[in-house]
Amino acid sequence: MNNNFEDPYSVAVKQLKRVIDYLGLDEYVFDMLKTPERVIQVKVPVKMDNGKTAVFIGWRSQHNSALGPYKGGVRYHPNVTMNEVMALSMWMTWKTALLGLPYGGGKGGIKVDPRKLSHRELQELSRNYFAALSKFVGIDLDIPAPDVYTDSQVMAWFIDEYYKVTGYNIYGVVTSKPTLLGGMYTRIISTGLGVAITAREAAKRLIGGIRDLKVAIQGFGNVGSYAAKFLSEWGAKIIAVSDSKGGVYSEKGLDVEKLFQVKRDKGSVIYYGDAKRISNEELLTLDTDILIPAALENVITERNAPQIKAKVIAEGANGPTTPKADEILHERGIYVIPDILANAGGVTMSWIEWANNRMGNWLTEEEARRKLEEKMISAFNEHYSYWSRKKDIDPRTAAQALAVEKVVEAMKLRGWI
Ligand code: GLU
């Protein structure tokens, strides 16, 4: 999927430059924002089950803290690089600012294929990574969460390791934990729900409602699967989904419950049956109303952007569209709900969970979910009206411009600029 590789950090910097120029901000502001405030590299040795020690490399990039403590996930993936983590941390700064959360942006990662590790090896990897970072994280300093191939179990090890190293047993040092350890069930579905909400709101304004619209989703992990579930509950037709093994397509629509079941029992949606097999690449250019890239970066490029037929693209993944593709889509009148808005449901629910932990865990799931929906809808409205007023810029530049304005204002208030 990745022969169009474009370094994510250079993409993030290009996007920032475009925003700085658009807002007419000083070169100095660009310099302040293009580099993370701090990047920590850690060495993570793990005693493997075969008795040998393997050494993995991990990072935590802390991009900006003007609006509050750094916030963002940790990914475990064989292709993780420091540049990728730096880019993702910058996007987290824009995401939290756009949503009006009291956070800056951070991101972590380890270059590892966690699917090849045993449960015990994974635990040791996670604990050693967090121990190495323990001086740089904290409830008011930097609050990690899951990302690609990490989950609530990894977060439970993180809290426990933090307890061992610092002596403080604090739920709020990470978010998206198991419910018994201060997590909330809604966090699991929150990113997918947020994607679905923004797609629904965009469809209302641009196509006249979500009912009966065709939706194609690349990626059937935590984000894509729940986006499919909510959109189909609201009357949309899920015509195609895929995962790392490939995809399935059916003009009459796929049964989402059955997709969940096939994925759980057989490990991939390709075993769905009663549907045409398609590739991840083909899925992107299907005749659909809404397209949801919910896998990895750099999948919508200048090569396939001219063939995309969707009217709305909701970015479940972080960074799925390259800057060149953005330009093409904008020219072609395709509305892209940018990642920092479309997939912000996850971090927004993290904020609710973190606030709840600080208050002693008394919020109900209903209250949390209501708050999440409110926040997503109001961020969508703020973005949409800003973009509609400006029209001369693409929706990503509009969303990032809104976010950069807030971060710059906070930096001024703090006397940084
Ligand atoms: N990893 C998610 C993201 O990219 C969630 C981050 C969080 O909850 O802090 O937004």
Side-chain angles (χ1 to χ4, degrees), residues 8 12 59-65 67-77 80 84-99 101-110 133 137-152 154-155 158-159 171-178 182-195 197-198 219 221-224 226-227 293-297 314-320 337-357 368 371-372 375-376 379 399 403:
W59 297 272
R60 181 77 184 166
S61 170
Q62 301 180 326
H63 175 257
N64 186 280
S65 56
L67 284 165
Y70 310 105
K71 184 85 194 80
V74 176
R75 62 172 57 180
Y76 293 173
H77 195 277
V80 167
E84 181 189 41
V85 171
M86 280 169 25
L88 289 160
S89 72
M90 193 190 299
W91 290 327
M92 285 309 299
T93 301
W94 312 147
K95 197 183 293 187
T96 53
L98 185 65
L99 267 288
L101 309 181
Y103 296 133
K107 198 74 156 208
I110 307 180
L133 282 180
V137 293
I139 189 163
D140 287 315
L141 176 58
D142 184 355
I143 308 124
D147 198 79
V148 177
Y149 293 140
T150 51
D151 59 11
S152 59
V154 172
M155 297 305 117
F158 282 175
I159 324 179
Y171 285 154
V173 67
V174 293
T175 55
S176 196
K177 302 169 290 272
M184 303 202 82
Y185 170 72
T186 313
R187 178 64 183 83
I188 300 164
I189 61 167
S190 58
T191 312
L193 175 59
V195 171
I197 290 173
T198 56
N222 203 26
V223 181
Y226 287 107
L296 288 171
E297 292 104 80
E315 295 186 327
N318 286 312
I337 312 168
D339 46 7
I340 59 168
L341 174 61
N343 73 31
V347 71
T348 302
M349 193 59 213
S350 278
W351 160 67
I352 297 166
E353 179 184 318
W354 172 86
N356 190 41
N357 293 156
K371 188 80 202 158
L372 172 68
K375 244 341 204 191
M376 289 304 296

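As the structure lists them, so they are numbered: ligands from 1, and atoms in each ligand from 1.
- Using a heavy-atom distance under 4.0 Å as the criterion, the protein contacts of ligand 1 are Lys71, Gly72, Gly73, Met92, Lys95, Lys107, Ala145, Pro146, Asp147, Arg187, Asn318, Gly346, Val347, Ser350.
- Between the side chain of Thr96 and the main chain of Gly104, a donor-acceptor pair closer than 3.5 Å is present.
- In this structure, Asn357 CG and Ile139 CD1 are separated by 6.5 Å, a value rounded to the nearest 0.5 Å.
- Side chains of Arg187 and Ser350: a donor-acceptor N/O pair is present below 3.5 angstrom, by distance only.
- Between Tyr103 and Trp354, the ring planes lie perpendicular to each other; the angle is over 60°, past the 30° to 60° tilted range.
- Asn222 meets the side chain to side chain contact (heavy atoms under 4.5 Å, CB included) test with Ile188, Tyr226; sequence neighbours excluded.
- Just one residue in the list Asp147, Asp151, Val148, Val154 forms a side-chain contact (heavy atoms from CB on, under 4.5 Å) with Tyr76, and that residue is Val154.
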